[in-house]
Amino acid sequence: MRRRFVAGNWKMHGSLASNQRLLKDVAVGAAKVSGVDMAVFVPFPYLSQAQTLLAGSSVSLGAQNVCEFHQGAYTGEVSAQMLQDFACHYVLVGHSERRAFFGESDAQIAGKFCVAVSCGLQPIICVGETLAQRESGQTESIVSAQLDAIIQRAGIAAFESATIAYEPVWAIGTGKTASPAQAQRVHEAIRAQLASFDSDLSERVKILYGGSVKPENSAELFSMPDIDGGLIGGASLVADDFLAICLEASR
Ligand code: 13P
């Protein structure tokens, strides 16, 4: 039985003042959620603040990106080891916004995944198709190719300490959620792809759904057999909404 996991991706939102309240509310509320892994992915400058305010709570800390190199002359980048200085447990890799707006390639994303794993950070590798790709019937081939780029580079065993997030690009920040059945079909295909390499491992890997998850639609999504939780954007900025989604995951 896979333990559910709900992760909040704050994206480029927040301030010292607003985070103070949100982090405190999430840390306090998390005490009422049992049996679910919880994490928040805050912007780099707020890692220290989040580390302090989440200390002693059940909420883990994650970063939204990591450099594919360990250290050196890479101006503006942040290394996996630096993230560990702030007690980061997780890191997002290959979010569609990184792929679309910052030109991250499958190869670069695979490099980030490998660096994270080698430093003991758990990557959450994000995959998903655009609307045009879905409408032309390419959903499964796109998602499978994105995942294959990682498997070929990192090896299937690396997924023992990784999570996958299926985030259809057309559902992100649009209010349009994939239906539970649509999402389940892709999650099932992802698990089958993992199983073609290692069937035992495929049963252990968590596959999260992301894209306009809200308290109102989370229960139905989480009831699907291959949906193990959610990667939450907008709703993770409102403590009550994020906690309500976590509570749904605990049922
Ligand atoms: P929304 O929940 O705002 O659609 O964002 C999803 C997402 O991109 C999480 O990484």
Does [X] reach the main-chain N or O of [Y] with its side chain, forming a donor-acceptor pair under 3.5 Å?
X	Y	value
Y166	I190	no
E248	F222	no
Q133	Q138	no
N217	S212	yes
E167	I172	no
R191	E203	no
R4	V36	no
K206	T163	no

Just checking [X]: does its [atom1] atom have more than 12 heavy atoms from other residues, nucleotides or ligands closer to it than 6.0 angstrom?
X	atom1	answer
Q84	CD	yes
Q71	CD	no
Q81	CD	no

Worksheet entry | Pair D106 + R99, salt bridge at N-O below 4.0 Å |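 Looking at R99 together with D106, the answer is yes, because their closest N to O distance falls below 4.0 Å.
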
Exercise. What do you reckon, are the aromatic ring centroids of F86 and Y46 less than 6.0 Å apart?
Worked result: no

